[in-house]
Amino acid sequence: MEQVMTFIRSHLSTTMMIYIGIALLLLILIWIVMRMSRRRKAARRLESLEIEVNEIRNNPLAYKYNKASAFARVNDDIMDRVKELKAKYDVCQSNITQCDELFTRADDYLSAHKTRKSMAVMDELETMLDETRTRIRIVNQSLDHILARETEVREKSNALKERFRNVKAVYQDNRSSFYNASAVVDREIEDIENEFSNFEEWMFASEFNKAKEEVDKISRRVDEVSGLIARTPGLYEKAKCIIPQAVDEVSGHIAVLENGGIDIAYLNAPARLEAISLALENAVDLLDEGQDQAGAKALDAIADDILKLQEEVLSEKKAYDEISSGLSSIFRQVDEIEGELQDIMTLYASIKDRFGLEDWTHRFHLASGQLQELKQQRALIAEQLADEDYPRSDVVHTYRGFAQDVSTFGTQVRDMKKMLVGASSDENRARKQLIKLQLILNEVRLNTVSRQLPSISDQFSADIKEGERLISRVRGVLDHSPLDVQTLNADLQDAIDFVYRLYNNANNLVGVAVMVENAIVFGNRFRSTYPSMDSELTRAEVCFQNGEYTRALKIAIQAIENMHPGIYEKLIARKDPAVMNTAG
């Protein structure tokens with residue numbers, strides 16, 4: 001060794017030796033790092049494989065196979081299928097055991113720092129895991145198919161249990177509304193819970209067919225108790241609140257009628273109310289026993305009886321109110337109509353010749369007969385009302401017919417009176433209208449005279465005379481007997497139309513004349529200064545003297561418009577000729 005070192009020193013420098021040493025150290029370090037890296041990689045791989053091995057180890061295959069075997073013992077139809085799966089199941093279990101052994105070997109090698117051998121075992125383990133998973137999946141599918149009936153029954157039972165819990169919760173929240181029926185519901189709920197226990201025993205024994213029958217039976221029981229829980233509170237409310245209130249209401253109506261002196265003994269109300277009370281007690285007993293459907297039918301029958309009695313009582317009360325409220329008035333109307341008929345007969349006798357009316361003797365005879373029939377009906381109703389055993393609901397039909405007859409006959413009598421009064425009122429109206437027309441005609445004549453207009457057309461004078469003639473013609477019709485009302489109305493309308501039209505025309509004429517005068521007065525202040533103004537106003541005055549008032553107004557307005565634009569619009573807008581006097 002010393003010779004080697006001497007040889008190395010003789011042939012290598014110290015620096016070179018240092019470099020070589022460093023290189024050797026680096027190689028050793030790299031080898032160590034690589035070895036550690038491979039070991040960490042192997043450890044990570046082993047951890048991943050451990051998870052897969054645990055998944056394989058913890059799969060439910062054994063549980064399913066044992067359940068299927070138990071199921072097969074009591075179900076011959078699937079025994080052969082389970083036997084066929086035994087060999088495959090044993091292979092799966094053997095593979096699982098081999099996976100455990102391979103994992104243990106790989107772990108041991110890795111712990112002994114034999115990374116290469118550990119990695120080789122891991123490769124073998126991965127292959128075994130893939131194969132095992134495939135086998136387990138195949139066997140699982142077959143077992144799931146065999147256990148499908150159990151799964152179906154279990155899912156159905158779970159849903160049924162959830163529904164039962166909800167029904168039970170609803171009942172517990174409203175238990176006070178069930179009164180004595182709560183004992184029945186409690187017993188039903190306890191029985192269902194016991195049946196669920198029986199179901200679980202069948203499931204534990206793998207008797208799935210019988211378990212399914214038990215689930216169907218429980219489902220029907222849950223349906224029944226659910227319906228009972230849903231209906232019972234409402235039925236109790238109807239039996240203990242709604243129906244008693246209805247009975248009290250009917251009793252109140254009966255008391256009102258009796259206090260009003262109305263005898264309704266024929267309705268036999270007390271006995272019917274007593275029967276209703278007894279039937280209500282029996283219906284409540286049915287509800288207490290949990291017989292909700294029978295109780296519901298009994299309550300419906302009771303409600304129908306109450307409604308029928310209430311309808312009869314209200315009908316009697318309504319009839320009584322209707323008769324009481326209008327009877328005296330209707331009876332009194334018969335006497336009033338009789339008085340009106342007498343007045344009409346008197347009026348007819350006084351005006352029939354004046355107006356040439358047709359003979360109303362037959363009409364009055366018929367009216368008298370109708371009046372006698374109404375009096376007989378009135379007496380019949382009074383007699384029926386005096387009979388306490390006679391239902392007011394029957395009297396009301398006679399009363400309504402009587403009231404309708406009174407109304408119809410009253411309308412006929414009023415129409416007769418209207419015809420007679422109308423004839424005489426036409427004459428009175430015509431005389432009043434003549435006085436008014438004469439005053440208007442006098443006003444027209446006075447206005448034209450008082451204005452001292454220089455010229456009035458011959459037509460205007462003729463119109464005055466025509467108005468007088470029309471008024472005289474109406475007077476002639478009024479003085480004639482019998483009075484021709486149709487001719488009177490026609491001639492009067494002609495006179496009204498003509499006189500009012502003449503009145504409007506006269507007012508317009510006077511208004512235009514006044515405006516001409518104001519316009520000329522306004523323009524006079526400028527005549528000495530403006531020759532054209534003097535000439536135009538002179539023309540206007542000539543037209544005014546000749547009775548051409550409209551033309552005179554146009555000439556005068558045009559003349560002053562040239563001096564004061566807009567004065568004409570002011571004159572028209574205010575309809576006041578004096579406005580021109582305010583202009584500069």
Side-chain angles (χ1 to χ4, degrees), residues 1 4-5 8 17-74 78-148 150-151 154 203-206:
M1 187 64 182
V4 173
M5 294 300 295
I8 292 174
M17 291 177 65
I18 293 172
Y19 286 151
I20 291 172
I22 293 172
L24 290 173
L25 290 174
L26 288 175
L27 289 173
I28 293 170
L29 182 61
I30 291 172
W31 178 80
I32 293 172
V33 170
M34 290 180 64
R35 185 176 177 84
M36 292 177 66
S37 176
R38 285 197 300 273
R39 181 177 173 77
R40 284 195 298 270
K41 183 178 180 181
R44 287 194 298 270
R45 184 182 181 188
L46 187 63
E47 289 178 359
S48 177
L49 288 172
E50 183 181 11
I51 295 173
E52 295 183 26
V53 170
N54 287 332
E55 290 178 353
I56 291 292
R57 187 186 298 125
N58 297 326
N59 77 86
L61 184 64
Y63 171 76
K64 291 183 179 180
Y65 181 78
N66 292 332
K67 184 181 290 187
S69 299
F71 192 15
R73 284 194 293 271
V74 293
I78 63 172
M79 177 62 76
D80 294 337
R81 294 168 60 187
V82 173
K83 288 180 178 179
E84 291 176 1
L85 286 175
K86 187 175 187 311
K88 296 180 181 179
Y89 170 75
D90 291 340
V91 172
C92 290
Q93 293 301 111
S94 176
N95 285 0
I96 292 172
T97 302
Q98 292 181 37
C99 288
D100 285 337
E101 294 174 353
L102 289 173
F103 176 79
T104 302
R105 285 172 55 194
D107 187 37
D108 292 342
Y109 281 136
L110 187 63
S111 299
H113 301 287
K114 298 177 180 181
T115 305
R116 290 182 182 276
K117 290 184 178 181
S118 179
M119 293 292 284
V121 174
M122 289 183 198
D123 292 339
E124 186 179 353
L125 177 58
E126 284 186 345
T127 301
M128 181 59 69
L129 285 172
D130 291 339
E131 179 184 349
T132 303
R133 272 193 291 265
T134 301
R135 289 181 179 277
I136 289 174
R137 184 175 65 253
I138 294 172
V139 176
N140 258 328
Q141 289 175 349
S142 299
L143 290 174
D144 288 341
H145 186 69
I146 292 173
L147 298 175
E150 187 265 350
T151 302
R154 177 59 67 186
M203 290 293 290
F204 181 76
S206 299

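The first residue in the sequence is number 1, and the count goes up from there. Hydrogens, waters and symmetry mates play no part in the numbers below; they use all other heavy atoms, side chains included.
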| task | Check step by step if side-chain contact (heavy atoms from CB on, under 4.5 Å) holds for V121 and D108. | result | CA-CA 10 Å; V121 174; D108 292 342; over 6 Å; no
| Out of curiosity, E124 CD to Q98 CD, how far, rounded to the nearest 0.5 Å? | 8.5 Å
| query | Where do C92 and T132 come nearest, in terms of heavy atoms and distance? | reply | O-CG2, 4.3 Å
| request: Indicate yes or no: does R135 engage E131 in a salt bridge with an N to O separation below 4.0 Å. | output: yes
| task | Please report the shortest heavy-atom distance between A106 and S118, naming the atom on each side. | result | O-OG, 2.9 Å
| remark: What one should report as the nearest heavy-atom pair of R57 and I96 is CA-CG2, 4.2 Å
| query | If you measure from CG on N95 to CG on D90, what distance do you get to the nearest 0.5 Å? | reply | 11.0 Å
| said: Would you say that Q93 contacts L61 through its side chain, given a criterion of any heavy-atom pair below 4.5 Å between the two side chains? | reply: yes
| Non-hydrogen atoms of L46 and D107 that approach each other most closely | CD2-OD1, 3.5 Å
| query | Looking at L49 and E126, what are the two nearest heavy atoms and their distance? | reply | CD2-CG, 3.4 Å
| Salt bridge check: are E52 and R133 linked by an N-O gap of less than 4.0 Å? | yes
| note | Closest non-hydrogen contact found for L129 with C99 is CD2-SG, 3.7 Å
| request: For the pair S48 (side chain) and R44 (backbone), establish whether a donor and an acceptor sit closer than 3.5 Å, ignoring hydrogens and angles. | output: no
| said: Could you check whether any side-chain N or O of N59 sits under 3.5 Å from a backbone N or O of I56, counting only pairs where one atom can act as donor and the other as acceptor? | reply: yes
| Taking I136 as the fixed residue, which of T134, N140, I138 is the one that meets the side chain to side chain contact (heavy atoms under 4.5 Å, CB included) rule? | N140
